[in-house]
Structure formats: C-alpha cells, structure tokens
Amino acid sequence: VLEIAPDDLQAINGLGIALFSQEDFKGAAEQFANYLRVDPKNAPAHYNLGLINRHEFKNEKAAVEHFKAAKALKWDDPALDKRLDEELAK
C-alpha cells in the first residue's frame, strides 16, 4: 500500500503500530516520523514517538519534546491528554 500511496496516513500509522507490537522500535519510530512529515499536527504520532524515545531509545530530551508537541496540539481525546500529563510528570 505504501509503495502505491506513500502518504496514506492510515497505512503509515498501521505499519507503525504493527512494528511497535513486534518490538521493531526503530522501524515504528520511522513510520511515526513519516506520519508527522505528512501531518505534523497529529498528537498520537507525537505521543508514540515520545514513548519510543523515552522507553526504548532512552532519549529523554526527544521524548519530552514530542510529549509537549502533542500536548500543545490540544487533541480532543481525554484519554490521550491524561497519558500525556502522566508522561510529562515523570
């Protein structure tokens, strides 16, 4: 699908989630970064990159930047907002 439609956000997100579940964190991070290149105002993609940077890559600075970017977007998702608050409190 991505070869035919490289900007297909649903396919990019699905691949990122699949790679994450297979513990291919580098591949998942690449897909979430691709998502943000197409749609930089996607809070869940920032959140996912924050999680990968914090828990897998041990890059606290990048993690916090992504969590703050997601929070600033004021996404209409109370559950995501709560998770962002929890991550930013760490």
| query | Which atom names give the shortest non-hydrogen contact between Y35 and L9, and what distance separates them? | reply | CE1-O, 3.3 Å

| task | Measure the CG-CG distance between N13 and D39 for me, rounded to the nearest 0.5 Å. | result | 10.5 Å

| Do any N or O atoms from the side chain of K58 and from the backbone of H55 form a donor-acceptor pair under 3.5 angstrom? | yes

| query | Which heavy atom of A29 sits nearest a heavy atom of L49, and at what distance? | reply | O-CD2, 3.5 Å

| said: Any heavy-atom pair between the side chains of L84 and L80 that's under 4.5 Å? | reply: yes

| Do the charged groups of E86 and K90 touch, with an N to O distance under 4.0 Å? | no

| request: Rounded to the nearest 0.5 Å, what's the gap from CD on Q22 to CD1 on I17? Could you check? | output: 12.5 Å

| task | Applying side-chain contact (heavy atoms from CB on, under 4.5 Å), name anything that partners A28, two or more places apart in sequence or on another chain. | result | L19, F20, F32, I52

| said: If you compare all heavy atoms of K68 against all heavy atoms of L88, which two are closest, and at what distance to 0.1 Å? | reply: CG-CD2, 3.9 Å

| request: Say whether, by atom type as modelled, one donor and one acceptor occur between the side chain of R54 and the main chain of E87 under 3.5 angstrom. | output: yes

| Is the backbone N or O of P44 less than 3.5 Å from a side-chain atom of N48, with the two atoms forming a donor-acceptor pair by type? | yes

| message | Please find the pair of heavy atoms, one from A43 and one from A70, that lie closest to each other, and give the distance. | response | O-CB, 3.5 Å

| Same cluster (ILVMFWY, side-chain, under 4.5 Å), L73 and L36 | no

| Does A79 have any side-chain contact (heavy atoms from CB on, under 4.5 Å) partners at least two apart in sequence or in another chain, and if so, which? | D77, R83

| query | Does one hydrophobic cluster hold both I12 and F25, with members joined at side-chain heavy-atom distances below 4.5 Å? | reply | no

| request: Locate the shortest heavy-atom distance separating G16 from Q31; write the atom from each residue and the value. | output: CA-CB, 3.7 Å

| note | Nearest heavy-atom contact between H66 and H46 is ND1-ND1, 3.0 Å

| field | Non-neighbouring partners of E23 that pass salt bridge (charged side-chain N to carboxylate O under 4.0 Å, His left out), sequence neighbours left out | value | none

| task | Measure the OH-CZ distance between Y47 and F67 for me, rounded to the nearest 0.5 Å. | result | 6.5 Å

| field | Sidechain N-carboxylate O distance under 4.0 Å for K71, D81 | value | yes

